[in-house]
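This report refers to the structure that appears directly beneath it.
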Number of protein chains: 2
Amino acid sequence: MTVSKTAEKSSEKAADAAKGRKDPAEPQAEALQLGELSEQLGYVLKRAQLKVFENFLRCMASLQLTPAQFSVLLLVEKNPGRNQTEIASTLGILRPNFVAMLDNLESRDLCARIRSTNDRRSHILVLTDKGKAVLARAKKLVATKHEARLNDLLGQSNREALIGMLAKIANEF
Amino acid sequence: MTVSKTAEKSSEKAADAAKGRKDPAEPQAEALQLGELSEQLGYVLKRAQLKVFENFLRCMASLQLTPAQFSVLLLVEKNPGRNQTEIASTLGILRPNFVAMLDNLESRDLCARIRSTNDRRSHILVLTDKGKAVLARAKKLVATKHEARLNDLLGQSNREALIGMLAKIANEF
DNA sequence: TGATAATTGTTATGGACCATATCAAATATC
DNA sequence: GATATTTGATATGGTCCATAACAATTATCA
């Protein structure tokens with residue numbers, strides 16, 4: 001079920017083959033049969049996820065935000081006053097790995113760690129003014145260039161159904 | 001949008017919170033608000049993918065096959081006589097990374113590399129008898145323990161719709 | 001034909017992400 | 001007040017992904 005992240009070099013040929021074109025010049029080996037693979041949940045799920053992340057990164061190139069960073073900013077904005085452990089764990093990020101991530105966001109002045117006065121072990125996370133501004137722009141880019149693409153592709157109701165089913169799988173599978 | 005692979009330690013608490021239970025003993029900080037995150041395609045897609053792969057690995061524990069390895073065996077079975085480059089590229093695996101993967105499968109006597117007589121640079125890939133037998137058992141496990149779970153969760157028609165939409169995203173996004 | 005370019009499998013290597021163990025400081029527990 | 005737990009952090013190893021480079025072989029073409 002593995003799929004790499006690289007844009008495949010053979011994409012043009014694959015596209016031609018998919019559309020039934022034939023290059024009369026080159027003999028050109030026939031395309032492989034995917035067979036049952038195209039019905040495998042994990043396979044198609046992984047391929048879709050890679051494509052979506054790839055598109056996300058393109059849409060956010062101007063803001064230099066990865067999906068992971070975007071999710072952190074969103075969650076910190078929605079939950080002010082929480083510490084690193086709480087934010088990390090609800091995103092499924094392990095605390096040790098969250099440190100470098102925050103170092104990055106903090107060095108770019110998008111968020112800040114504040115020593116809690118209640119519990120001086122904790123670092124309360126907040127968005128800086130720049131962080132709020134960047135997140136606002138990020139939301140618009142995601143909505144107009146990224147999520148909108150799903151509507152174009154599937155239609156509004158199918159899009160909602162898809163998100164719902166994926167959420168169900170994420171929570172109950 | 002990041003989600004780690006570890007089964008979260010807080011899963012019991014999260015489950016309790018989701019069902020509205022309250023532990024009267026501990027004060028217990030309130031659960032965080034996911035907010036717009038739960039509507040983000042990438043976020044829900046990634047979480048679903050991790051859950052599905054996790055379940056896949058559990059189902060295949062007796063055969064010790066990863067999703068990637070399963071996909072290779074499936075594709076080699078469906079496309080006999082193809083070389084490493086062809087198999088790897090249609091799975092989106094880069095040739096250098098495919099070498100160790102094949103070393104593994106070959107050391108377990110699941111598949112074999114055969115020097116092509118037409119082009120002595122190429123290694124033709126074939127399944128061994130053991131490889132065919134293992135793949136047959138793997139298919140049954142996947143069908144009964146893995147894919148069947150989707151039907152239980154979503155129903156037959158929704159399951160087909162989901163696969164179709166994911167394939168569309170994978171191909172056209 | 002023979003020189004040059006391209007392809008195949010491979011190795012080496014670095015980056016990104018994920019997971020575990022461990023630590024000091026602070027807090028909780030008893 | 002002694003012990004255990006929690007928080008952020010560091011170190012470290014594993015896996016996966018990506019690029020460069022190489023020898024052997026084949027294709028190209030002057």
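In this text the structure is predicted, and so the values were computed from the model without any measurement. Chain identifiers are assigned alphabetically (A, B, ...) following the order of the sequence lines, protein sequences preceding nucleic acid strands; residue numbering begins at 1 within each chain.
- Nearest nucleotide to the side chain of Asn83(B), out of dT8(C), dT10(D), dT26(D): dT8(C).
- Nearest-nucleotide positions on DNA chain D place Ser122(A) closer to the 5' end than the other of Ser122(A) and Pro96(A).
- Spacing between atom CG of Leu125(A) and atom P of dT7(D) amounts to 13 Å, rounded to whole angstrom units.
- Between the CG atom of Leu94(A) and the C1' atom of dC17(C) there is a distance of 11 Å, given to the nearest Å.
- Computed from coordinates, the Asp103(A) CG to dG8(D) C1' distance equals 11 Å when rounded to whole Å.
- Between the side chains of Arg113(A) and Gln84(A), at least one donor-acceptor pair of N or O atoms lies under 3.5 Å.
- Rounded to whole Å, atom C1' of dT25(D) lies 11 Å from atom NE2 of His123(B).
- Distance, Gln49(B) CD to dC17(C) P: 15 Å, rounded to whole Å.
- The distance from atom CZ of Phe53(B) to atom P of dT15(D) is 16 Å, rounded to the nearest whole Å.
- At dG9(C), one or more side-chain N or O atoms of Thr85(B) fall inside 4.0 Å of OP1 or OP2 (strictly under the cut-off).
- Put simply, Arg113(A) has no side-chain N or O that comes within less than 4.0 Å of OP1 or OP2 on dT7(D).
- A single hydrophobic cluster is not seen to contain both Val76(A) and Val99(A); linkage of ILVMFWY side chains at heavy-atom distances under 4.5 Å, directly or through other members, places them apart.
- In the interface, the side chain of Arg121(B) is paired with the base of dT25(D) through a donor and an acceptor atom under 3.5 Å apart.
- Summary of the strand contacts: Arg120(A) and Gln84(B) both lie near DNA chain C, and taking for each the nucleotide with the nearest heavy atom, the more 5' one is attributed to Gln84(B).
- Separating the CG atom of Leu102(A) from the C1' atom of dT7(D) is a distance of 13 Å, rounded to the nearest angstrom.
- Linking Ile, Leu, Val, Met, Phe, Trp and Tyr residues whenever their side-chain heavy atoms come within less than 4.5 Å places Ile163(A) and Phe173(A) in a single cluster.
- Closest to the side chain of Arg95(B), from the set dA18(D), dA9(D), dT10(C), is dT10(C).
- Taking both residues in full, the closest heavy atoms of Arg47(B) and Ala170(A) are given as CB-CB, 3.7 Å, listed atom of the first, atom of the second, then distance.
- Following rounding to the nearest Å, Asn118(B) (CG) and dT7(C) (P) show an atom-to-atom distance of 18 Å.
- In the hydrophobic cluster analysis, where Ile, Leu, Val, Met, Phe, Trp and Tyr join through side-chain heavy atoms closer than 4.5 angstrom, Tyr43(B) is grouped together with Leu63(A).
- Nucleic acid contact for Asn97(B): base, since at least one base atom lies under 4.0 Å from a heavy atom of the residue.
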